[in-house]
Structure formats: C-alpha cells, structure tokens
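Down below is the structure, laid out as structure tokens.
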Protein chains: 2
Amino acid sequence: MLCPFRQACRHACGDSALPLAPGRLRLRAGDVLYTQGRPALAVYPVRTGGLKQVYESRLGWRQVSGFYQCGDVCGLEANEPATHNASAVALQDTECCAIPIEALHGSLADPGLRTAILANLRRQANRQAELLVAIGSMKASQRLAMLLLDLAAEQVRRGITDGGLTLAMTRNDIASYLGLTLETVSRLLSRFRSVGLITVRHRKLRIVDPDGLADVHADPDRVALRESVE
Amino acid sequence: MLCPFRQACRHACGDSALPLAPGRLRLRAGDVLYTQGRPALAVYPVRTGGLKQVYESRLGWRQVSGFYQCGDVCGLEANEPATHNASAVALQDTECCAIPIEALHGSLADPGLRTAILANLRRQANRQAELLVAIGSMKASQRLAMLLLDLAAEQVRRGITDGGLTLAMTRNDIASYLGLTLETVSRLLSRFRSVGLITVRHRKLRIVDPDGLADVHADPDRVALRESVE
DNA sequence: CGCAGCTTTGAGTGTGATCAAATACGGTGG
DNA sequence: CCACCGTATTTGATCACACTCAAAGCTGCG
C-alpha cells in the first residue's frame, strides 16, 4: 500500500525562502517555507495567504497536519535541539515575516507578543488534539463538518462574518488532513450542498446553515435525516 | 453515535494525588493524577508503574492519546496559561515524583535535567505526530504493529531486551489509542499470534519476530502472506 | 487551442464496526 | 477454600462506510 497522500511537494530551489532575510518573505503556491528535519532558524508569522503543515513519518508517509492562515505563526512546532519537525508549504501566494529565534527570545519579554505567541501555541496544540480524536473516532462527515466550522471560526476571528470563505487547499490536502481520500471529501461536499448546509463551487465555499453543520459534527446521521426531509 | 471510548474514568476522591505533597506520589489503577482543564501545578516523572493520557474533546469524546511508563514525564502537555490539556490516569499501581512548576523553572538550569525534560518533550511530540499519521492513513494491523514495536523499544531503552513485555493497558485503551475498536485489537493480536509474530496471553506479550512485525508495520498485506506460508 | 492538474461522479469491494454470545480472570465475601 | 460477580477478552456473523478503480468534466495556464 502506497502513501495515500499522493501529491508531490514541489521544492522551490532548495528552501526558496532564504531564512535570514529580515522582514517579509514572499512565497508562491507550492514553495516550501521550511523543511522537516532542518535546523529551525526562525518563526514565521503569516501576513497574507495560506500554508499547509506537512509531516512525514519515519516510513515516509506524508500527511497534512495543519493549515496556517493570516495571524498564525509557522515554525513553532520546532523542538530543542532546534529542528523543525514538520514542513510548511505555501498553498497560494503568501507573505510572512521571519523572526530569527534569537530575536524571538528577546521579543518574548514583550507581554503583547508573548501572549500572542502562547495563544498561537495553545491553539495549535488544541487543534492537534481535536484532530486526533476526530480522525480516531469520528465519521467522515463529522470530520469535514469540523474542518469547515474551524475555518469559518478563523474567518470570524479576523472579522469576516458573512460565512463566505475561499479554500486555499486542494481536496487532496483536505483529505490528507482529515484522514480520508479526496473522493470521499468531494462526495461529502456535494452531499452537504445537496442538503442545503453549504454552497460550493471549486474553491469558493459558503456556509449556509452553521447550526446544521454543528449538528452533523455532533451526529453524522443528521445528514441522512436532512436528506429525507428535504 | 456515542463516544466509542466507553470506559468510565474512576476519579479517586477528586484528584486523589494532592498535588503539592513533596517527593513521591502513590497511585492505584484507575486513580487520576491530574485532570484536563485544571491548573497545572507540577510535572510528574514516573518512577514505577504506568499511566494513560486521556484527551476529552469539546464535544465530550474521550480518547487515549498516550501512555506513560517509567522514565516518562507526565504533565508536560500543559500550556500557558498553565492548564493541563489532557488527563492522566494510572493503569496499575504507580509511583511518581511531583515537581512543582516553580521548582521546575529552577531545575531547568541544571543541564542534565533540562536535556532529560526536552528529550521527553520531543519524544512525546514525535509520537503524537506519528500517531496522527498512523491513525490517518495506516491499516489496523500496521497501527497495532507500530504500537507493539514502540512498547518494545521503550523496554530496550530501559535495558530489558528479552522481548517480553506486560501490557498495563486494556484492549479498550489500546483500541482508543489506535482509533480502532477493542474487538479489532483482540482479533489482530490473535492473528499476529497465529502467524508466529508474537505470543500473547492476556496482558503478557512476547515479540517473537520483530522483523516480521516491522514488515507488517510497513505493509499490512504481509500478515496475509505469512498466513498462507505458515 | 491543448495539456495537465483538480474535481466530480459512478460502480464494486473490503476493512473494520456493530451486534451478540461464550469464556476467562480477579477480586470479594461467605 | 470455594462460589460468585463484574470486568476483560475472545470469537463469530453481518453490515455499512469509506476505499479503490475508472472515466468524464471542468479550470487555468502556457
């Protein structure tokens, strides 16, 4: 059995983001911000765009383990001795800052920055744990509903509340993240649409019925119920 | 659909381990060392026995997210503001130390202790990531083989190399940890035994063919192959 | 315009969940 | 010491969910 995450990572000329350039970094879709196993030299707050975190296991199985958007800080997953234990790959045109870790140690004195960093760390840890439970014991429809609600909550956190969002990632990325196949994700999105929970067209998605999605997240049979009602 | 992890946690008179007793703590099977959501007051290196880490998601789904044995440090999963984001429950009679976090900050000056703590952190983070990939995209037999190899490696790390190990956790705990059902775990153990990879009797387990297990970890079809060969 | 990658949809299959029952074990009290 | 009970484990039969294989459509880019 091959690794189900089939998408090859396009490494842009080594690590395209030369790590120590001060200030902003500009990435294009597919560019690698940093690579698992390499020394961690900086952390990267995201200004615009989006990235995926990709973990590669000892046996070479790759899986998307997180998504980064504006306001998230990439590179915090590194552990001592300072080595990244996941890679970050841009999903679209992306800009981020680079804060060298020496500078980071100083910045942590600033209470505002510190709480921001810690909040990021906690959010990522919680998401990781929730993801584990989701993949470990929830049905496919529940997992997808969870992701959509998470993405929507992110939007709200940064002030956009109209329920419309643009998926930066492919179906394959979503599938890998949720421990599913891309076909299943595609089918479920269609099903959610057909029962009136969302509208989707390619990467444009709108959550029509957040409460309904929350119901599905809590109990996957709700989708079937809605189907018969509709 | 109910939470598939059906086992109730027996809370021993609140948090039975009064957190600030200096030195050793003594727990019996089922006792709760600390509870998710409560303030993190200390970290707990394990001296003898074993514990499980249990995470409860926002919707109340419980899942075993790790196992602690002698040499592991419980409580490091806490994040600022200092709150445990998982619970720890003893699997058997267990002794551990309690290092209050104020004392911890001092101890980190000691290079030996610091590297020990950091090594623990890294090991736990890696295991978490490997587990995510395993649950997300590996077959049941691969996941179980992975766990058995991990447990065996732990034994080796502490000097016992005869391949015999005692499972402190129930089949249900294993199943929850691997994102399976207890029936599947039981069946797989029987299958592994019938093809000569291991011997099992209740909690006593011996790895007969480590290379064979590694093969199964890499490719689940190997079990079937061995079946026909045998 | 043509190609490559992403997405959708369909049909069939298999793994692991579910439901169910029998057995073995460990602790407790008579 | 033995009988008993609750819990853990094993094993069987059946079924559904999600995977696999396959083909066609859509999109964007060169």
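Everything numeric here is computed off the predicted structure, so don't read it as measured data. Letters A, B, ... mirror the listed sequences (proteins, then strands); counts begin at 1.
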* Asked: Over how many whole Å does the gap from A:Leu178 atom CG to D:dC17 atom C1' extend?
  -> 16 Å
* **Rounded interatomic separation in angstrom, taking CZ from B:Arg28 and P from C:dG27** => 11 Å
* **Any side-chain heavy-atom pair of A:Phe192 and A:Val216 under 4.5 Å** => yes
* To do: In whole angstrom, give the distance that lies between atom CG of A:Leu182 and atom P of C:dT9.
  => 13 Å
* Considering only heavy atoms from C-beta outward, does the side chain of B:Leu165 approach that of B:Arg206 to under 4.5 Å? -> no
* **Phosphate contact (D:dT11 OP1 or OP2) by B:Ser190 side-chain N/O below 4.0 Å** => yes
* Asked: Quick check: are there more than 12 heavy atoms from other residues, nucleotides or ligands sitting under 6.0 Å from CZ of A:Arg58?
  -> no
* Could you give the CG-to-P distance, from B:Leu167 to D:dA8, as a whole number of Å? -> 15 Å
Would you list the protein and nucleotides 26-30 of chain D atom pairs, both N or O, that sit under 3.5 Å from each other?
{"residue": "D:dT27", "atom": "OP1", "partner": "A:Arg201", "partner atom": "NH2", "Å": "2.3"}
{"residue": "D:dT27", "atom": "OP1", "partner": "A:His202", "partner atom": "NE2", "Å": "3.0"}

* Asked: When you measure from the side chain of A:Lys139, which nucleotide among D:dT11, C:dT15, D:dC17 comes out closest?
  -> D:dC17
* When all nucleic acid strands are considered with a 4.0 Å heavy-atom cut-off, which category describes B:Arg143: base, sugar-phosphate, or nothing? -> nothing
* Neighbour count above 12 (heavy atom, 6.0 Å) for B:Arg203 CZ -> yes
* Asked: How do B:Val200 and A:Leu188 order along DNA chain D: which one's closest nucleotide is nearer the 5' end?
  -> B:Val200
* Asked: Can you find a side-chain donor-acceptor pair between A:Asp173 and A:Ser176 that sits under 3.5 Å?
  -> no
* **Residue B:Glu183, side-chain atoms from C-beta onward, closest of C:dT8, D:dC19, C:dT18** => C:dT18
* Asked: What's the NZ-P distance between B:Lys204 and C:dC25, to the nearest Å?
  -> 14 Å
* Asked: Between A:Arg191 (CZ) and D:dA16 (P), how many Å, whole number?
  -> 14 Å
* For D:dC19, does either OP1 or OP2 sit under 4.0 Å from a side-chain N or O belonging to A:Thr181? -> yes
* Asked: Taking the side chain of B:Thr170 as its heavy atoms from C-beta onward, which of C:dT7, D:dC19, D:dA8 lies nearest to it?
  -> D:dA8
* **Protein-nucleotide distance (B:Leu180, atom CG; C:dG16, atom C1'), rounded to Å** => 8 Å
* Asked: Taking C-beta and beyond as the side chain, do A:Leu27 and A:Leu51 meet within less than 4.5 Å on heavy atoms?
  -> yes
* Base D:dT20 paired with A:Arg187 side chain (donor-acceptor, <3.5 Å) -> yes
* Proximal nucleotide (of C:dA20, D:dA8, C:dT7) relative to the B:Arg203 side chain -> D:dA8
* Asked: Within this structure, what is the CG-to-C1' distance between B:Asn172 and D:dT10, rounded to whole angstrom?
  -> 14 Å
* **A:Tyr44 and its side-chain contact (heavy atoms from CB on, under 4.5 Å) partner, picked from A:Leu76, A:Leu25, A:Thr94** => A:Leu25
* Choosing from C:dT8, D:dA18, D:dT20, which nucleotide comes nearest the side chain of A:Thr184? -> D:dA18
* Asked: Considering the options A:Ser65, A:Ser87, A:Cys74, which one meets the side-chain contact (heavy atoms from CB on, under 4.5 Å) requirement together with A:Gln53?
  -> A:Ser65
